[in-house]
Chemist: 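To start, I am sharing the structure in question, which I have written as structure tokens.
Every heavy atom of this structure was used, including side-chain atoms; hydrogens, water molecules and symmetry mates were not. Each chain gets a letter, A, B and so on, in the order its sequence line appears, and its residues count up from 1.
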Amino acid sequence: MIAPSSPVAIALVGCGSVSRLFYQPALRELRRHGLVNILAVVDPRADARNTLAAALGAAACTTLDEALALRPELVVIATPPAMHRAQAEAALAADCAVLCEKPLAAISVDADAIVTAASRSGRLLAAGHYKRFMPAHRALKTFIERETFGPLLDATLVEGGKFSWPAATDSFFQREQTPGGVLLDIGVHTLDLLRWWLGDPVDFTYADDALDGLEANALLSATFTSDANIRLRLSRDWRTENVYVFRFARATIHSRVNASNQLEITLEGLPMTLAAELREPLPGRPAPPTRALDKNPQAFIAQLVDVCAAIRESRAPFVPGIEGAHALRWVEACYNRRTPLPLH
Amino acid sequence: MKPTSHPHTWAIIGASGFIGLRALEGLHDRDGVTVRPVVRAAASLAVLARRRLDWRIADPRDLPALTDALRGCTVCIHAALGDPFQIEQMATIAYQACAAASVRRLVWLSSASVHGQNPAPGTDESSPIHDRHLLAYNNAKVRAERRLEKLSSDGRVEVVRLRPGVVIGPRSRWLTDTAADLRANRAGWLDEGRGVCNSIHADNLVHALRLAATVPAAAGHAFLVGDTEPVTWRDFFLPIAAHLGLPATAFAPATPAALVAKREPALAALTQSRLYQNLGDRVPERTKRLVKALAAAWPDPAPAHDAWTLSRPPASQLTLEQTLLQSCSWKLPHTKAASLLGYAPPVPFAKGLAASLAWLDFAEGPR
Ligand SMILES: NC(=O)c1ccc[n+]([C@@H]2O[C@H](COP(=O)([O-])OP(=O)(O)OC[C@H]3O[C@@H](n4cnc5c(N)ncnc54)[C@H](OP(=O)(O)O)[C@@H]3O)[C@@H](O)[C@H]2O)c1
């Protein structure tokens with residue numbers, strides 16, 4: 001990643017859990033490195049905005065307009081998805097770049113509108129699919145594309161556990177405000193990764209356990225042009241192994257969820273598993289061990305660094321907004337094809 | 001818009017837990033009861049939210065919040081569980097909140113463990129209960145029942161206490177812990193599982209909850225409730241092992257471990273001590289959690305592992321609770337529930353266990 005030449009002026013919209021737990025430490029770290037200047041945080045709830053503003057040394061704004069008046073270059077949107085469209089459009093109209101948390105919007109029509117607004121304004125739009133920055137996921141992409149271990153035969157991904165995100169209100173669980181359950185919440189990341197690794201699915205089936213509310217368990221089975229069969233199980237109900245297993249012709253690879261710089265590789269014919277930490281490459285000569293690659297929070301920071309660099313270099317970000325719109329469209333297609341899961 | 005409450009709404013406190021959730025599903029989906037889940041935090045709604053329900057967020061130890069949450073309900077089922085101190089506190093607060101919110105009946109989930117995990121042959125509801133058990137949980141359940149008996153003497157709320165034994169069903173820890181122990185090669189049993197398991201399938205318990213909430217004559221009573229069949233631990237364990245493709249020998253003969261037996265009463269002694277209890281809410285939540293975590297993390301005197309030690313699977317070590325449970329020789333009767341409530345457990349043990357195993361496959365993946 002290339003560091004921008006002068007700090008990027010940022011406004012952070014939404015002072016909920018994701019801002020507190022992720023953006024606060026990430027932005028502080030970036031400021032320490034002189035990469036960002038945190039102008040403002042925005043939230044209608046005084047408590048939330050004042051606490052975060054104090055922690056970040058930023059202005060506490062009640063509305064986005066107040067923050068836009070301070071002329072940020074980048075607006076980071078970390079509010080409930082139903083608000084993303086209006087806020088992104090307002091920020092883009094004010095000539096700001098936008099990094100929008102996942103899902104890009106509550107519904108794909110809104111996501112498309114955000115993408116259109118960005119291309120009309122000529123401003124940068126990035127989707128918060130930071131899991132693409134994890135070294136393990138980048139390695140998997142290389143293995144799949146280059147067939148390092150032969151073609152991918154199939155993959156089983158299981159992800160989730162008893163829900164523990166400190167949701168501040170119940171809006172997260174109300175259909176009117178959040179139109180999806182576990183698939184929209186954590187699955188949108190996984191679907192984004194699958195698209196990134198394998199392209200658009202050729203076909204898929206989807207089932208979940210929502211009745212007239214939001215699903216807590218979901219099952220997706222998809223095929224891709226490579227012929228690989230992918231099975232994804234998501235849960236916010238019960239513990240899962242939290243692992244992606246990729247079976248290639250000559251190796252099986254386990255990638256633990258959020259173990260950003262680790263892979264377990266079982267090579268065909270070798271009766272043991274290599275549990276590997278991913279590090280900076282070693283030179284082809286005797287040398288001391290190299291530095292470990294990014295852990296999960298560092299991968300989150302890497303996305304912000306990329307977005308800031310993209311602004312300074314007038315280039316597209318690593319995960320452009322349209323990718324967020326595609327992932328959301330797949331989520332919606334799943335809901336449209338939904339069959340019920342047995343409730344037990 | 002959330003659906004509006006029906007005039008006969010039943011609140012379920014602890015509706016995100018194992019029994020609370022099952023009760024919600026049974027009462028709402030099968031019986032058409034208007035249920036109002038009451039949970040501690042928004043995050044507790046993750047599974048409940050599969051249905052559109054008129055939920056409330058209130059801590060069961062916060063009297064004003066709980067009172068608000070219960071307003072408009074005729075029945076309150078209490079299925080929340082806390083640490084021993086909290087269990088007692090919750091009983092008082094549940095009663096006071098029900099009284100303040102004009103709830104007609106409080107159905108309190110007590111436990112068969114008020115009689116101990118290994119009750120003397122002949123034990124039934126008429127047997128005296130005491131609070132000198134080795135396990136703090138048992139004592140807390142006894143004291144909570146006593147508090148409720150005392151409080152309800154004012155006649156403001158009818159209280160019915162249910163005393164289930166080992167509750168089995170989807171999400172039951174008895175099932176998932178056993179499967180986890182088997183998978184980790186550390187499952188053990190006493191006397192090859194010949195002890196009596198006072199089981200009750202969760203749906204049989206929901207049947208009892210429904211009766212406890214509605215049968216007028218139930219008011220003021222405590223009821224033991226269980227499955228119809230006499231069940232041994234072997235009857236429970238072996239189908240789980242078979243389901244995982246393991247033979248009976250997957251259960252190693254276990255001896256009750258001395259340290260485990262000492263540790264639980266030590267924690268119990270601390271949290272039940274007059275000093276700790278008198279501190280009440282002045283003991284910060286963080287300190288309580290720390291005490292709990294310390295006790296849980298107390299190191300077993302396992303030999304240190306170094307490169308000169310061959311690794312081997314951990315030895316089967318039963319907790320005090322398991323040891324007592326598996327030593328049980330008495331099937332607790334539910335004659336009183338049958339005659340006073342009309343309790344007739346609808347789910348046979350084998351069928352209930354098979355369905356629970358089907359859920360386990362779904363939740364944790366087939367092995
Ligand atoms: N499981 C059995 O075999 C069994 C046997 C006999 C009796 N019982 C009794 O049945 C009742 C329900 O048991 P369960 O097995 O369903 O328990 P559980 O799965 O642990 O659920 C209990 C629920 O209580 C809620 N809760 C509220 N305040 C709490 C606090 N301070 N600390 C921890 N949790 C709190 C939690 O929900 P939220 O925090 O999400 O609101 C939790 O989901 C208990 O009274 C238990 O003693 C159970």
Side-chain angles (χ1 to χ4, degrees), chain A residues 16-17 21 80 156-187 207-219 231-245 338 340-344, chain B residues 1-3 15-18 21-22 24-26 28-30 37-58 69 168-173 175-177 179-180 183 201-203 347 352-367:
Chain A
S17 300
L21 300 173
T156 305
L157 296 81
V158 286
E159 185 166 358
K162 222 170 151 39
F163 187 87
S164 60
W165 183 252
T169 68
D170 63 356
S171 68
F172 206 67
F173 301 105
Q174 288 177 354
R175 246 209 136 88
E176 298 73 18
Q177 308 208 36
T178 310
V182 70
L183 179 70
L184 184 67
D185 178 18
I186 59 172
D208 73 34
D209 62 353
L211 292 159
D212 47 359
L214 302 175
E215 77 283 357
N217 293 283
L219 271 184
R231 229 180 88 87
L232 168 65
R233 160 145 169 62
L234 298 165
S235 181
R236 62 185 188 191
D237 168 6
W238 199 252
R239 62 179 172 236
T240 72
E241 288 293 351
N242 268 314
V243 68
Y244 305 161
V245 184
R338 171 187 182 275
L341 270 180
L343 273 186
H344 296 282
Chain B
M1 274 294 290
K2 287 189 204 170
S16 61
F18 157 48
L21 186 63
R22 197 70 186 175
L24 182 150
E25 291 171 344
H28 176 270
D29 297 359
R30 275 196 302 278
V38 180
V39 297
R40 260 192 310 174
S44 312
L45 296 166
V47 183
L48 296 178
R50 297 184 298 187
R51 297 165 178 79
R52 278 158 68 96
L53 295 164
D54 183 22
W55 56 64
R56 297 288 187 282
I57 297 176
I168 291 164
R171 301 181 182 78
S172 160
R173 74 176 169 100
L175 175 74
T176 56
D177 288 358
R183 285 177 184 137
H201 187 272
D203 290 344
V347 183
L353 182 54
S356 308
L357 289 168
W359 167 81
L360 190 72
D361 276 352
F362 167 74
E364 299 190 355
R367 305 288 140 133

Chemist: Examine whether an atom of Ser235(A) lies under 4.5 Å from a heavy atom of chain B, and if so say whether it belongs to the side chain, the backbone or both; otherwise answer neither.
Modeler: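 It is neither, since no heavy atom gets under 4.5 Å.
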Chemist: Output the option from Asp208(A), Asp212(A), Asp185(A) having the highest count of non-hydrogen pairs under 4.5 Å with chain B.
Modeler: Asp212(A)
Chemist: What part of Ala41(B) lies closer than 4.5 angstrom to a heavy atom of chain A: side chain, backbone, both or neither?
Modeler: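 Looking at Ala41(B), nothing touches chain A.
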Chemist: Can you tell if the side chain of Val39(B) reaches within under 4.5 Å of the side chain of Ile57(B), non-hydrogen atoms only?
Modeler: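 Touching, per the 4.5 Å side-chain cut-off.
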Chemist: Should Asp237(A) and Arg171(B) count as an ion pair when the cut-off is N to O under 4.0 Å?
Modeler: yes
Chemist: Would you call Asp54(B) and Arg56(B) a salt bridge, using N to O less than 4.0 angstrom?
Modeler: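 Salt bridge: yes.
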Chemist: Given heavy-atom pairs under 4.5 angstrom as the criterion, report whether the side chain, backbone, both or neither of Leu45(B) touches chain A.
Modeler: both
Chemist: With a sphere of 6.0 Å drawn around CZ of Arg239(A), does it hold more than 12 non-hydrogen atoms of other residues, nucleotides or ligands?
Modeler: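 Enclosed: over 12 neighbouring heavy atoms sit under 6.0 Å from CZ of Arg239(A).
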Chemist: What pairs with Val158(A) under side-chain contact (heavy atoms from CB on, under 4.5 Å), at least two apart in sequence or on another chain?
Modeler: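 Partners of Val158(A) by the side-chain contact (heavy atoms from CB on, under 4.5 Å) criterion, ordered by chain and then number, come out as Arg233(A), Thr240(A), Glu241(A), Val243(A).
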Chemist: Under 4.5 Å from any heavy atom of chain A, what part of Thr176(B) do you find: side chain, backbone, both or neither?
Modeler: both
Chemist: Could you look at Trp238(A) and say if it's the side chain, the backbone, both or neither that has a heavy atom under 4.5 Å from chain B?
Modeler: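 When you check distances to chain B, only side chain atoms of Trp238(A) fall under 4.5 Å.
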Chemist: So which of Arg50(B), Arg51(B), Glu25(B) has the largest heavy-atom pair count under 4.5 angstrom toward chain A?
Modeler: Arg50(B)
Chemist: Which region of Phe172(A), side chain (C-beta onward) or backbone (N, CA, C, O), has a non-hydrogen atom less than 4.5 Å from a non-hydrogen atom of chain B, or is it both or neither?
Modeler: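 Contact with chain B is absent: no heavy atom of Phe172(A) under 4.5 Å.
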Chemist: Answer yes when Glu215(A) and Arg338(A) have at least one side-chain N-carboxylate O distance shorter than 4.0 Å, and no when they do not.
Modeler: no
